Structure formats: C-alpha cells, structure tokens
S.K.: 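This structure is in structure tokens; I'll ask about it shortly.
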Amino acid sequence: MQRYRQETRERQGGGGPFDVEIREFGMTPRVESTIYRTEAPPEVAALLGAGDVVVRARRMFADDVPLQIASSYIPADIAEGTVLEQQNTGAGGLISRMAELGYTQVRMAEHITVRPPTTDEADFFTMSSDERVFVIRHVGYTAEGRAVEAALQTLPTHHWELDYEWDVEPGT
C-alpha cells in the first residue's frame with residue numbers, strides 16, 4: 001500500500017500519509033490531536049498483545065472540512081518517553097519515528113467495515129444517521145511479527161474512495 005511507504009509519507013516533508021495526500025489534492029490539512037496513556041480497549045489489547053498503550057487520538061480536516069477520526073494505539077513499552085508522545089512527530093509521522101526507534105513496520109493489515117455513524121461521528125462529520133462511515137482497523141507489524149501499532153480510523157463514505165494495490169508475488 002503506497003501511502004505507507006517511506007518515500008510517500010515523507011514526500012515534501014509531509015507529516016504522514018494523510019498530510020501528504022491532502023496536500024497533493026491542493027488542500028490544507030489540519031489535525032487536532034490528543035495524546036494520552038491508558039489501558040488498551042479489549043479489541044486493541046488483543047491485536048497488540050499489550051495492556052498499557054499510548055493513544056494518539058486525532059480529528060483530521062482538509063480545508064477545515066472534517067474528513068477522519070483516527071486513534072493510533074502504541075504499546076507503552078515502545079512509546080513511553082519518546083517523540084511518539086509529542087504533538088509533532090515530524091516528517092513521515094508516527095511510522096517514520098517508530099522506524100527510528102527500531103520498530104520498522106514491514107507488514108500491515110487492514111480490516112474495513114461500513115456502519116452508521118455514532119452520534120458523535122455524525123455531529124463531527126455533519127452527516128445524518130442514514131449515511132455510512134468506513135471503519136478501518138489497521139495493524140502494523142515488524143519483521144519479527146510483533147504488532148507495534150493498531151489504529152482505528154473512521155471516515156465518512158461520501159468523502160472517500162478506497163483503492164488498494166499490492167504485488168501478489170513480490171519480486172516476480
């Protein structure tokens with residue numbers, strides 16, 4: 001998935017995949033972040049094999065239009081006391097900083113569902129309960145197979161088109 005490759009997420013000093021993609025559409029990205037430590041919700045704990053996590057909860061906009069709600073969960077033993085707990089994670093964002101800390105993500109898995117928005121989501125996205133949102137459960141893994149990031153992303157379907165492409169047999 002091209003958006004997660006280093007050259008893509010760091011393009012022109014971008015702060016990660018969302019930042020780069022929105023700028024390439026000629027729009028101005030804005031992210032409101034809250035960062036905190038907590039015990040992982042059961043679904044996330046099962047994915048990460050970790051109880052204590054650092055959460056990067058974000059509300060994301062393009063030209064002040066709300067486009068995404070995303071929360072990334074990182075095991076506390078990786079994130080605690082690092083740049084991952086700071087507002088600005090720099091060029092390439094969270095994934096690039098994790099690589100610098102020795103947790104390069106080499107495999108990612110995503111599970112996508114569609115459902116009606118919660119009341120909070122409908123209010124944020126200015127949509128009715130009759131419309132739908134994508135929910136993407138994203139997990140990033142190291143070469144050793146450790147899950148080092150779980151992200152739950154919610155996007156209004158009327159603003160997004162999801163395209164996926166990957167090599168079936170890499171190198172051939």
Side-chain angles (χ1 to χ4, degrees), residues 1 3-4 6 8-41 43-44 47-48 50 52-76 78-101 103 105 108 110-129 131-140 148-162:
M1 299 202 312
R3 74 186 311 258
Y4 295 115
Q6 183 176 5
T8 302
R9 67 178 188 268
E10 293 182 3
R11 189 177 303 136
Q12 299 174 353
F18 179 84
D19 183 79
V20 170
E21 290 168 349
I22 297 305
R23 289 183 192 284
E24 287 179 351
F25 282 120
M27 303 169 84
T28 302
R30 180 169 60 89
V31 177
E32 297 173 354
S33 298
T34 304
I35 303 160
Y36 58 95
R37 295 181 199 171
T38 190
E39 186 173 327
E43 175 187 11
V44 171
L47 293 169
L48 294 177
D52 292 333
V53 293
V54 170
V55 181
R56 298 184 60 84
R58 302 173 308 280
R59 291 188 174 236
M60 306 158 96
F61 304 80
D63 288 344
D64 292 321
V65 174
L67 287 186
Q68 187 175 155
I69 298 170
S71 291
S72 291
Y73 299 83
I74 306 131
I78 294 173
E80 191 170 22
T82 73
V83 67
L84 300 174
E85 289 189 295
Q86 297 174 7
Q87 284 291 329
N88 184 351
T89 54
L94 159 72
I95 296 171
S96 291
R97 300 300 75 77
M98 291 184 81
E100 292 169 0
L101 293 168
Y103 300 96
Q105 296 182 31
M108 298 180 182
E110 292 190 343
H111 176 79
I112 303 168
T113 57
V114 176
R115 62 164 171 75
T118 65
T119 301
D120 180 57
E121 292 163 352
D123 289 346
F124 177 69
F125 294 129
T126 316
M127 59 191 298
S128 75
S129 60
E131 295 177 281
R132 297 293 180 258
V133 294
F134 290 117
V135 178
I136 302 172
R137 184 185 69 210
H138 167 94
V139 183
V148 294
E149 176 200 11
L152 302 176
Q153 305 162 332
T154 305
L155 309 88
T157 58
H158 63 277
H159 281 307
W160 289 89
E161 178 178 302
L162 305 179

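From a predicted model like this one, the values you see are computed outputs, not experimental measurements. Computed from heavy atoms alone, side chains included, the values below leave out hydrogens, waters and symmetry copies.
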S.K.: If the threshold is 4.0 Å, N to carboxylate O, is there a salt bridge linking D52 and R37?
M.R.: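 So D52 does not pair with R37 through a salt bridge.
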S.K.: Once rounded to the nearest 0.5 Å, what's the spacing between atom CG of L67 and atom CD of Q153?
M.R.: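 Output value for this atom pair is 12.5 Å.
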S.K.: Please examine the side chains of I95 and E149, heavy atoms only from C-beta on, and report whether any two atoms are closer than 4.5 Å.
M.R.: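 Yes, close enough: below the 4.5 Å cut-off.
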S.K.: Could you go through the side-chain contact (heavy atoms from CB on, under 4.5 Å) check for E85 and I74 one step at a time?
M.R.: CA-CA 10 Å; E85 289 189 295; I74 306 131; over 6 Å; no
S.K.: Which of these, F125, F124, F134, sits in a side-chain contact (heavy atoms from CB on, under 4.5 Å) with P156?
M.R.: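 One option only clears the test, and that one is F125.
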S.K.: Working note: V148 + M98, criterion side-chain contact (heavy atoms from CB on, under 4.5 Å); need CA distance, chi angles, decisive distance, verdict.
M.R.: CA-CA 9 Å; V148 294; M98 291 184 81; 3.6 Å; yes
S.K.: Evaluate side-chain contact (heavy atoms from CB on, under 4.5 Å) for R137 paired with L47, printing each intermediate quantity in order.
M.R.: CA-CA 10 Å; R137 184 185 69 210; L47 293 169; 3.5 Å; yes
S.K.: Show the nearest heavy-atom pair for residues V31 and S33, with the distance to one decimal.
M.R.: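 So the two residues come closest at CG1-OG, 3.5 Å.
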S.K.: So, the side chain of R56 versus the backbone of Q86: is there a donor-acceptor pair under 3.5 Å, distance only?
M.R.: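 Side chain of R56 to backbone of Q86, a donor-acceptor pair under 3.5 Å: yes, one is there.
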S.K.: Where is the tightest heavy-atom contact between P117 and S128, given as atom of each residue plus distance?
M.R.: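 Smallest interatomic distance, heavy atoms only, reads CG-O, 3.7 Å.
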S.K.: Run the side-chain contact (heavy atoms from CB on, under 4.5 Å) check on M27 and I22 step by step: do they pass?
M.R.: CA-CA 6 Å; M27 303 169 84; I22 297 305; 3.7 Å; yes
S.K.: May I ask you to check whether over 12 heavy atoms, not counting those of E131, lie within 6.0 Å of atom CD?
M.R.: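 Yes, enclosed.
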S.K.: To the nearest 0.5 Å, how far apart are OG1 in T89 and CD1 in I35?
M.R.: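 Going from the OG1 atom of T89 to the CD1 atom of I35 covers 8.0 Å.
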S.K.: Just by modelled atom types, is the V133 backbone N or O under 3.5 Å from a matching donor or acceptor in the W160 side chain?
M.R.: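 Not confirmed, W160 side chain does not pair with V133 backbone.
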S.K.: Are T154 and R115 close enough that some pair of their side-chain heavy atoms sits under 4.5 Å apart?
M.R.: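 T154 vs R115: side chains touch.
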S.K.: Below 4.5 Å, heavy atoms only, C-beta onward: do M127 and R132 meet side chain to side chain?
M.R.: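 Side chain of M127 against side chain of R132, heavy atoms only: no contact under 4.5 Å found.
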S.K.: Can you find a heavy atom in the side chain of V135 that is under 4.5 Å from one in the side chain of L152?
M.R.: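 They are not in side-chain contact.
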S.K.: Atom CZ of R97 and atom CD1 of I78: how far apart are they, to the nearest 0.5 Å?
M.R.: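 Interatomic distance, R97 CZ to I78 CD1, rounded to 0.5 Å: 15.0 Å.
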S.K.: Taking the side chain as everything from C-beta on, heavy atoms only, tell me whether R58 gets closer than 4.5 Å to S72.
M.R.: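 R58 reaches S72 side chain to side chain.
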S.K.: Is any side-chain heavy atom of L94 less than 4.5 Å from a side-chain heavy atom of L84?
M.R.: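 With C-beta onward as the side chain, the pair touches.
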